[in-house]
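Accompanying notes for the structure given below.
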Amino acid sequence: MKEKLNSIRQSAMELIDKCTELKSLDEIRVNLLGKKGELTALLRGMGGLSANERPVMGALANSVRGDIEAAVDAKKKQLADAAAALKLRAERIDVTMPGKVRPLGKKHPLTQVLDEIKDIFIGMGFQVASGPEVEYDHYNFEMLNMPKDHPARDTQDTFYITENILLRTQTSPVQARVMESSPLPIKIIAPGRVYRSDEVDATHSPLFHQIEGLVVDKNIRMSDLKGTLSLFAKRLYGKDTVTRFRPHHFSFTEPSAEMDICCFSCGGKGCRLCKGEGWIEILGAGMVHPKVLRNCGIDPEQYSGFAFGMGLERIVMRRYNINDLRLLFENDQRFLNQF
Ligand code: DAH
């Protein structure tokens with residue numbers, strides 16, 4: 001029996017040593033130590049031994065079992081370590097390799113220039129206000145001194161939704177809403193989308209953007225308007241920008257004006273950009289009409305204000321020499337990636 005035990009140990013050690021897979025290692029263990037295993041079968045035969053031999057053989061059998069278990073465990077660890085090492089080697093990354101370049105999105109040129117314009121006015125103490133794009137005729141026209149039969153309405157081809165509701169044709173209704181509902185003084189800009197039923201072509205679109213401005217306080221004069229808007233032009237177009245104000249007419253301002261800047265392309269000599277004029281029109285402006293102040297519940301004897309409005313697309317097109325307005329709305333990546 002002693003020899004048998006020793007030979008089991010011997011052949012077990014050889015098997016375990018040669019084993020290269022966790023699965024076959026487990027089979028070896030079951031074959032030797034399991035319920036139907038070789039060693040177990042041998043131990044069952046111990047009943048036939050003499051009382052002297054039994055404890056000696058028992059001890060030997062236990063030590064064989066212990067040795068086999070230890071050898072299996074050691075092998076198991078060795079195989080697991082090897083597998084882990086292999087996996088690590090397979091998954092190794094080369095941190096010196098160049099990374100993948102993912103294309104970054106960016107802001108639309110309209111948004112970029114609008115952000116710049118907002119920053120300029122915020123820097124001068126303005127707040128940013130907004131109003132609805134689906135607007136009442138009341139705010140878009142009536143409050144701004146354009147009653148139903150006013151000829152100025154014809155210049156703004158309006159999308160009507162009902163008789164009294166329309167798509168706003170200008171950002172000016174935000175003026176009326178702010179004056180009606182805000183405490184004085186007021187100093188706001190209101191950028192936003194506006195709509196006019198124009199045919200699409202290189203210079204027209206049924207949807208475009210305006211930026212409105214409004215200042216109301218005691219003792220606001222034309223000189224405040226000129227100073228503020230000249231400074232705005234210098235901030236947007238460069239500190240040497242020359243501005244001029246021409247008389248104009250808007251129903252909601254009196255007096256009204258348009259501001260031009262000396263052409264930044266030719267310096268005033270006249271070129272394609274300024275259509276030979278030497279000047280480029282930037283915005284409309286004026287002193288808020290006393291009637292409009294009164295419409296909004298503000299006493300024109302105590303308060304005065306100035307307002308202005310400009311088109312964002314035209315500013316962007318001139319800045320980047322874009323000759324077709326449609327490019328700004330088609331969202332062609334090849335175009336947008338240039339900004
Ligand atoms: N709303 C005018 C337009 O669409 C632009 C404008 C002119 C706005 C003068 C103003 C202003 O606030 O004072 O043509």
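Every heavy atom of this structure was used, including side-chain atoms; hydrogens, water molecules and symmetry mates were not. Start at 1 and go down the list; that is how both ligands and their atoms are numbered.
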Next item on the list: Kindly state whether the ring of Phe264 and the ring of Tyr237 have centres lying under 6.0 angstrom apart.
Entry: yes

Notebook entry, point to check: Does the separation of the ring centres of Phe308 and Phe121 fall below 6.0 angstrom?
Noted result: yes

Ion pair present between [X] and [Y], side-chain N to carboxylate O less than 4.0 angstrom?
X: Arg314; Y: Glu281; answer: yes
X: Asp81; Y: Lys77; answer: yes
X: Arg153; Y: Asp137; answer: yes
X: Arg196; Y: Asp157; answer: no

Next item on the list: Look at the rings of His248 and Phe250 and say which category their plane angle falls in: under 30° parallel, 30 to 60° tilted, over 60° perpendicular.
Entry: tilted

Notebook entry, point to check: Out of Gly286, Ser256, Gly284, Gly311, whose heavy atom is nearest to atom 9 (C) of ligand 1?
Noted result: Gly284

Item checked: Heavy-atom proximity to atom 11 (C) of ligand 1, best of Phe250, Phe306, Phe252 -> Phe252

Checklist line | ligand 1 atoms in contact with Gln210 (distance to a heavy atom under 4.0 Å) | finding: 3 (C), 4 (O)

Next item on the list: For Thr253, counting its heavy atoms only, list the atoms of ligand 1 lying under 4.0 Å from any of them.
Entry: 13 (O)

Next item on the list: Please check if the side chain of Asp17 supplies one atom and the backbone of Met13 the other of a donor-acceptor pair under 3.5 Å.
Entry: no

Checklist line | Nearest non-hydrogen protein atom, atom 1 (N) of ligand 1 | finding: Gln170 OE1, 2.7 Å

Margin query: To check your reading of the model: name the closest protein heavy atom to atom 5 (C) of ligand 1, its residue, and the distance in Å.
Written below: Gly309 CA, 4.1 Å

Item checked: Any His248 heavy atom less than 4.0 Å from ligand 1 -> no

Notebook entry, point to check: Does Gln175, backbone or side chain, put an N or O under 3.5 Å from an N or O of ligand 1?
Noted result: yes

Next item on the list: Would you check whether Ala307 has a nitrogen or oxygen atom less than 3.5 angstrom from a nitrogen or oxygen atom of ligand 1?
Entry: yes

Notebook entry, point to check: With a 4.0 Å heavy-atom cut-off (strictly under), which part of Glu212 contacts ligand 1: side chain, backbone, both or neither?
Noted result: side chain

Check: Is Arg196 touching ligand 1 with its side chain, its backbone, both, or neither, if touching means heavy atoms under 4.0 Å apart?
Finding: side chain

